[in-house]
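Here's the structure, in structure tokens; my notes come after.
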Amino acid sequence: MGNPRVIYWFRTDLRLHDSPALEAALDLNPEAFWPIWTWDPQYVYRARVGTNRWQFLLDCQNDLSKSITKRNKKSKLFLMREAPQTLFPKLFKVWEITHLVFEKDTDAYARDRDATVKKAAEEAGVEVIIKSGRTLWDSDALVKKNHEKPTMSISQVQSAGPKIGRIPRPIPAPESIPDPGEIKLDFEQQQPESDPDFNNDSRSHGDKSYERISGPNGDFAVPTMEELGFPTATSSHRGGESIALKMLDKIIADEKYTATFEKPNTAPTAFEPQATTLLSPHLHFGSLSVHEFYWRVQDVVDNYSGKASQPPVSLTGQLLFRDMYFGAQAALGYSFCQTLYNSHCRFIPWHLPSKVDHTTRLVTGEYHIDSAQAEEWFQRWKYGLTGFPWIDALMRQLRREGWIHHLGRHAVACFLTRGGCYISWERGAEVFEEWLIDHETACNAGNWQWLSCTAFFAQFYRCYSPIAFPKKWDKDGKFVKRYVPELKDLDAKYIYEPWKAPIADQKKAGVRIQGEGKEEQEGIYPKPMFDFNERRDACIDGMKKAYKVGLYGDDPKVIDGTWRKLFDDAGEGRTKGNTFGGAMEEEVGEEKAVQVDDGNGEENNGAPEEDESGGKEEGNENKGGDRKGAKRKRGQRTPDSHVKRSKK
DNA sequence: CAAACGGTTGATTAC
DNA sequence: GGTAATCAACCGTTT
């Protein structure tokens, strides 16, 4: 084909270095070349994206756009404000496109989206070129080499991966970028459905995303936070390929750190600097290439004179886990990110289970409040008011910075699910989805399943203590004092159990340990919301029982609700609450009422539902805004952030 | 078929 | 104060 007119569609590959897809596009030797980003309403309105991750995305886009312009003054990242599914067919025609090139994406929604775009391209006679580059190995190829099964253990990845072939060496960034063609806009912009807007709670003012296809100034510029209605980000971690490559250089320059890195030996309490690389958000947005990272590290390891660490604990080992989760998601699709209909996720009768639309088999984004107590614990966990300083410090760091250490994630995830609250891992995954700047659908869902012992990992009796675990890393409680300033002057010997501090010590430290953690308050830190040892024992009992029952998310009994017959009154709290330390007594009636409608057939196909928590909303105004996430009526969403409307 | 073994990252006690 | 055994006991794979 002569005179190629090429669209390069940037997605989660916001970089110029080591991009096999970009290389393929430039190899066409285009006569006209448009680097574009489509402002997808599925991400803008139907994903849970907190302000810190928005900022990180805009950073990446701005940096990339600048790098493109550096290579060609006429070019930039052209940001088009319309859904790709409706925009592309028009661009193909008006711009006389011959080729569309993009990097492969195996996220469940991305597959649907890309299939739609690909079909439209084929109908328009446009050639589509798709290259793998987001993971070490193409996730579909990895599954194929794993006997067509989802990769559920690291040894499976280590065995299946090399069967595909060697991990490709990185390729340098292009030196020049061809001119864009004329940008004709003689077509109608299709306005998206902006309701529901799952990010409405984080916006401080109105969103102007789609007022004009080329943006407010008509220059296709990357939007500002102001324009999107978001307040200033609070995180100090910033995005962009330039920053990512500099960070990588710094890590690689420290040969000992790079070659002997052992993840389980890095301190979750370290800050300024943190003990791990902080490169995960860059891998998510593609501002750093995973192959670049792999080979830069591997070359140091190969030349290291001392004893280097090995996968899975080494730096490259971390990438193997990422590929494992991508492989699991590639094989299981939408169901990987939820319990129901997931053939590889154990069923545990957690509190606050997701609502599911049985026509689409997808979670709706709402959840059952089967226990007012659990809902209160969930809110206190989310906002760092549990009364356990280690947990609260981590959750506050997460909200402010958008990042916490991997072992910190273990601690809060174990606490919310199998080692404390006995609340569904899907609730925790949603909070991480909103607040993490490195949120990656497959890794998030996979890690939550791991920590809740519903897949990948099964040793539920290994439970993280919010007291003993942090003591191992930070005897002085510096980390807690940093993120829970109420406790900054408390004697270190009480720092993980402040309720044990005598009144005299509390007075001396200028803090009183009292109240139920309704809100953050100067000089006051809440009492612990339960006795941890009691809760751990109750949870382990519950897990034991649930493992014995042995149901998975796709079991008919799980889907039709008859699983309850198998649990009787044993297990944690769910049915009669006899291991709930007595606290559930007054809620039994309420629980029964919920059981009738919970998970049974035709409920919740978007039908309105009363609040089951029995008027527990009052007194929580400070966080009430987020609760309505549990009551949204329109649109369905999967935990990979995207809505699928029910076809009726 | 049973037993042994490995599984990136627990807590507590004994030495 | 550091290392090792013990605690209770899961899964899936290998022998």
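We name chains A, B, ... by the order of the sequence lines, and we start the count at 1 in each one.
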Subject >> Nucleotide pairing, DNA chain C (Watson-Crick or G-U, distances under 3.5 Å), in dot-bracket with [ ] and | >> reply: .||||||..||||||
Subject >> Separation of atom CE in A/Met152 from atom P in C/dG12, rounded to whole Å >> reply: 10 Å
Original post:
Roughly how far apart are A/Tyr325 OH and A/Asn447 CG, rounded to 0.5 Å?
Top reply: 3.5 Å
Original post:
Contact class for A/Arg409 (heavy atom, under 4.0 Å): base, sugar-phosphate, or nothing?
Top reply: nothing
Original post:
For A/His17 and A/Glu241, does a side-chain donor sit closer than 3.5 Å to a side-chain acceptor?
Top reply: yes
**OP:** Indicate, with a heavy-atom threshold strictly under 4.0 Å, whether A/Lys472 touches base, sugar-phosphate, or nothing.
**Re:** nothing
**OP:** Whole angstrom is fine here: how far is it from CD in A/Gln459 over to C1' in C/dT6?
**Re:** 15 Å
**OP:** Using the ring pair (Phe, Tyr, Trp, His ring centres under 6.0 Å) rule, pick out the option among A/Trp425, A/Phe336, A/Phe432 that qualifies with A/Trp448.
**Re:** A/Phe432
Original post:
What is the distance, rounded to the nearest whole Å, between atom CD1 of A/Ile540 and atom P of C/dC10?
Top reply: 12 Å
Original post:
Just checking A/Tyr547: base, sugar-phosphate only, or nothing, at a heavy-atom cut-off of under 4.0 Å?
Top reply: sugar-phosphate
**OP:** Quickly, which of A/Phe469, A/Tyr496, A/Trp381, A/Trp499 forms a ring pair (Phe, Tyr, Trp, His ring centres under 6.0 Å) with A/Phe388? Name it, please.
**Re:** A/Trp499
**OP:** Describe the nucleic acid contact of A/Ile154 in one word from base, sugar-phosphate, nothing, applying a heavy-atom distance below 4.0 Å.
**Re:** sugar-phosphate
Original post:
Expressed in whole Å, how much space separates the P atoms belonging to C/dA8 and B/dT8?
Top reply: 25 Å
Original post:
Around atom NZ of A/Lys527, are there more than 12 heavy atoms of other residues, nucleotides or ligands at under 6.0 Å?
Top reply: no
Original post:
With a 4.0 Å cut-off on heavy atoms, is A/Trp473 in touch with a base, just the backbone sugar-phosphate, or nothing at all?
Top reply: nothing
**OP:** Using the P atom on both, measure B/dG6 against C/dA5 and round to a whole Å.
**Re:** 15 Å
Subject >> Separation of C/dC11 P from A/Leu551 CG (nearest whole Å) >> reply: 13 Å
Subject >> Geometric cation-pi criterion A/Arg238 and A/Phe56, 6.0 Å radius, 45° cone >> reply: no
**OP:** Remember a base hit wins even if backbone is also touched, and classify A/Phe469 as base, sugar-phosphate or nothing at under 4.0 Å, heavy atoms.
**Re:** sugar-phosphate
**OP:** Indicate whether any N or O donor in one side chain lies under 3.5 Å from an N or O acceptor in the other, for A/Asn52 and A/Thr234.
**Re:** yes
Original post:
Once you round it to whole Å, what is the distance between C1' of C/dT6 and OH of A/Tyr461?
Top reply: 13 Å
**OP:** Using a heavy-atom cut-off of under 4.0 Å over every strand shown, decide if A/Glu262 touches base, sugar-phosphate, or nothing.
**Re:** nothing
Original post:
Cation-pi between A/Lys382 and A/Trp377: NZ/CZ under 6.0 Å from ring centre and within 45° of the ring axis?
Top reply: no
Original post:
For A/Ser289 and A/Asp18, does a side-chain donor sit closer than 3.5 Å to a side-chain acceptor?
Top reply: yes
Original post:
On a whole-Å scale, what distance lies between the C1' atoms belonging to B/dC1 and C/dT15?
Top reply: 12 Å
Original post:
Quick one: how far along DNA chain B does chain A reach, first to last nucleotide 5' to 3', anything under 4.0 Å to a heavy atom?
Top reply: B/dG7 to B/dT12
Original post:
What is the distance, rounded to the nearest whole Å, between atom CZ of A/Arg462 and atom P of C/dT6?
Top reply: 15 Å
Original post:
How many Å lie between CZ on A/Arg418 and P on C/dA8, as a whole number?
Top reply: 18 Å
Original post:
Rounded to the nearest Å, what distance is computed from the CZ atom of residue A/Phe457 to the C1' atom of nucleotide C/dG12?
Top reply: 14 Å
Subject >> P spacing across the pair B/dC5 / C/dT6, given as an integer number of angstrom >> reply: 16 Å
Subject >> Given DNA chain C, 5'-ward residue of the pair A/Tyr552 and A/Lys544, judged by closest heavy atom >> reply: A/Lys544
**OP:** Anything under 30° is parallel, anything over 60° is perpendicular, the rest tilted; go ahead and classify A/Phe415 against A/Phe532.
**Re:** parallel
